[in-house]
Amino acid sequence: MSESSLSSAPLKDEVDIVIATMKNLEFLEMWRPFFQPYHLIIIQDGDPSKTIHVPHGFDYKLYNRNDINRILGPKASCISFNYSSSRSFAFMVSKKKYIFTIHHDFFVAKDPSGKEINALQQHIKNLLSPSTPFFYNTLYDPYREGADFVRGYPFSLREGVPTAVSHGLWLDIPDYDAPTQLVKPLERNTRYVDAVMTIPKGTLFPMCGMNLAFNRELIGPAMYFGLVGDDQPIGHYEDIWTGWCVKVICDHLGLGVKTGLPYISNSKASNPFVNLKEYKGIYWQEELIPFFQSASLPKDCLSVQKCYIELSKQVKEKLGKVDDYFNKLADNMVTWIEAWDELNPSG
């Protein structure tokens with residue numbers, strides 16, 4: 001490994017890179033200059049008897065379904081497989097402060113000058129600088145070099161709040177739902193917007209788990225990617241659901257969520273006909289979004305775990321009537337927190 005690789009690896013002992021995959025991980029070769037100094041947690045989706053090939057030279061720990069069953073016992077039922085939701089287990093077993101999770105089909109993007117983008121480095125910058133959820137700064141991120149708070153921004157809010165989540169974007173193939181994919185099969189995102197913004201308090205957003213980093217100590221227990229899969233009535237919505245939960249809890253606890261840079265490249269279009277498995281999510285979201293918009297957590301919910309348990313109660317109470325799936329999901333939200341606390345005892 002070159003000296004330049006080591007010198008450009010901020011917080012290398014405080015970050016885990018999480019990848020859930022059914023495939024060999026040749027894509028890591030492109031990311032080697034940026035990822036090799038870090039520890040990887042790989043979740044092997046699908047058949048645990050198969051061998052996943054990881055390129056030589058990476059420091060990693062691999063878990064499959066058998067490992068998860070052994071470690072979590074009966075509580076392993078809360079971890080779904082065959083979808084990216086299995087990465088939740090990695091969030092639970094990691095002991096690092098920061099997590100960066102990326103999809104196994106995404107590649108290094110280039111900025112307008114042609115320079116390769118170190119996505120992880122930008123995520124770390126986002127997480128280490130404050131957020132401004134209570135008042136919008138029209139020059140975007142005021143802590144960035146060359147920017148500041150504009151005239152009229154309250155001085156009492158310029159200190160900002162800790163950033164819990166950094167949500168990155170993608171170039172080339174956009175993250176569209178199946179109907180939009182079918183209508184716009186050739187559309188590509190070629191716009192590189194050089195900006196990072198804090199998502200305001202009270203505003204929900206569609207979180208994509210394909211290029212995502214977060215402070216595990218601040219928001220980790222809320223990063224549960226739910227129940228999805230062939231035995232569930234919904235698929236392809238695990239990260240969206242998680243984002244709604246995370247945003248409600250961040251707003252309650254006074255934490256920040258940023259979106260924008262960094263970009264990664266999505267050059268492989270998913271099959272829109274396969275993605276139609278998300279149709280119930282598209283249908284249900286018209287009821288789910290108002291639920292999250294109106295969700296309120298008690299003042300005595302001062303930890304992420306307490307917030308999440310309270311949210312699970314509200315899910316069961318108000319969404320259980322939409323479909324029995326949400327009763328099961330609420331029960332598994334509780335199981336998830338119990339498993340998290342067992343593996344991460346406080347103190």
Side-chain angles (χ1 to χ4, degrees), residues 1 5 9 11-72 75-108 118-121 123-124 166 168 170 208-216 220 223-226 228-229 236 238-239 242 262 264-268 270 336 339-340 343-344:
M1 192 186 316
S5 296
L11 304 181
K12 75 180 187 67
D13 296 322
E14 298 183 61
V15 177
D16 268 334
I17 298 172
V18 171
I19 303 165
T21 184
M22 296 182 188
K23 304 178 181 179
N24 293 329
L25 294 179
E26 273 71 21
F27 94 112
L28 285 174
E29 289 294 354
M30 178 176 279
W31 288 99
R32 186 181 292 276
F34 307 129
F35 286 4
Q36 191 168 350
Y38 294 90
H39 180 256
L40 281 62
I41 300 180
I42 299 167
I43 304 298
Q44 180 177 341
D45 233 329
D47 186 354
S49 67
K50 293 185 177 179
T51 300
I52 296 288
H53 176 256
V54 181
H56 176 73
F58 286 93
D59 174 28
Y60 70 93
K61 175 70 175 176
L62 186 146
Y63 298 91
N64 59 31
R65 170 53 86 182
N66 294 338
D67 299 315
I68 294 174
N69 289 340
R70 172 178 51 82
I71 293 169
L72 294 185
K75 293 183 175 66
S77 60
C78 72
I79 305 296
S80 294
F81 266 67
N82 299 320
Y83 288 82
S84 64
S85 57
S86 61
R87 74 183 72 186
S88 299
F89 177 77
F91 305 158
M92 182 187 291
V93 296
S94 170
K95 301 304 177 187
K96 303 293 179 64
K97 184 174 182 178
Y98 302 102
I99 297 287
F100 171 46
T101 183
I102 184 172
H103 195 271
H104 60 235
D105 281 334
F106 275 48
F107 300 100
V108 178
N118 185 342
L120 176 53
Q121 188 175 57
H123 275 302
I124 291 171
S166 172
W170 49 90
C208 173
M210 295 185 283
N211 176 19
L212 181 72
F214 60 92
N215 184 321
R216 186 178 175 276
M223 284 289 178
Y224 173 48
F225 277 45
V228 293
H236 217 226
E238 60 274 17
D239 46 0
T242 304
I264 57 178
S265 176
N266 179 17
S267 58
K268 184 177 180 182
S270 55
W336 158 262
W340 181 284
L343 293 184
N344 301 277

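- For the atom pair Ile19 CD1 and Ile42 CD1, the distance stands at 5.5 Å (nearest 0.5 Å).
- Separating the CG atom in Leu212 from the CD1 atom in Ile99 is a distance of 10.0 Å, to the nearest 0.5 Å.
- No donor-acceptor pair closer than 3.5 Å links the side chain of Glu29 to the backbone N or O of Pro55.
- Summarising the geometry, atom CD1 belonging to Ile264 is positioned 5.0 Å from atom CZ belonging to Phe106; distances are rounded to the nearest 0.5 Å.
- The two residues Ile41 and Ser94 have their closest heavy-atom pair at CD1-CB, 3.8 Å.
- Pairs engaging residues 93-104 under the salt bridge (charged side-chain N to carboxylate O under 4.0 Å, His left out) rule: Asp16-Lys96 [sequence neighbours left out].
- Here Phe91 and Phe214 bring their ring centres to under 6.0 angstrom of each other.
- The two residues Pro262 and Ala119 come nearest to each other via the heavy atoms CG-O, 3.3 Å.
- Closest heavy-atom contact between Phe58 and Tyr60: O-CD2, 3.4 Å.
- Taking both residues in full, the closest heavy atoms of Leu28 and Val54 are given as CD1-CG1, 4.1 Å, listed atom of the first, atom of the second, then distance.
- In this structure a side-chain-to-backbone donor-acceptor pair under 3.5 Å is present from Ser88 to Phe225.
- Side-chain N or O atoms of Asp67 include one that pairs as donor or acceptor with a backbone N or O of Asn64 at under 3.5 Å.
- Distance CD/Glu238 to OG/Ser84: 3.5 Å, rounded to 0.5 Å.
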Quiz prompt | Criterion side-chain contact (heavy atoms from CB on, under 4.5 Å) on Leu25 and Leu40, from CA distance to verdict | solution = CA-CA 12 Å; Leu25 294 179; Leu40 281 62; 5.8 Å; no
Quiz item: Given the rule in the side-chain contact (heavy atoms from CB on, under 4.5 Å) test, do Gln121 and Ile124 qualify, once you have shown the distances and angles that lead to the verdict?
Solution: CA-CA 5 Å; Gln121 188 175 57; Ile124 291 171; 5.8 Å; no
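- Panel note: side chain Arg216, backbone Met92; a donor-acceptor pair is recorded below 3.5 Å.
- Shown here for Tyr38 and Lys12, the closest heavy-atom pair between the two residues is CE2-CA, 3.3 Å.
- Side chain of Gln44 to main chain of Asp47: a donor-acceptor pair is present (N/O by atom type, distance under 3.5 Å, no hydrogens or angles).
- His103 NE2 to Asn211 CG: the interatomic distance, rounded to the nearest 0.5 Å, is 12.0 Å.
- Pairing each heavy atom of Ala20 with each of His104, the nearest pair is O-ND1, 3.2 Å.
- Judged as a side chain to side chain donor-acceptor pair (under 3.5 Å), and not counting sequence neighbours, Asp13 has no contacts.
- Checked by atom type and distance alone, the side chain of Ser265 never pairs as donor or acceptor with a backbone atom of Phe107 at under 3.5 Å.
- Distance check: Phe89 CZ to Ile79 CD1 gives 7.5 Å after rounding to the nearest 0.5 Å.
- Taking the six-membered ring where the residue is Trp, Phe35 and Trp31 present parallel rings, their angle staying beneath 30° rather than reaching 60°.
- In this structure a side-chain-to-backbone donor-acceptor pair under 3.5 Å is missing from Tyr98 to His123.
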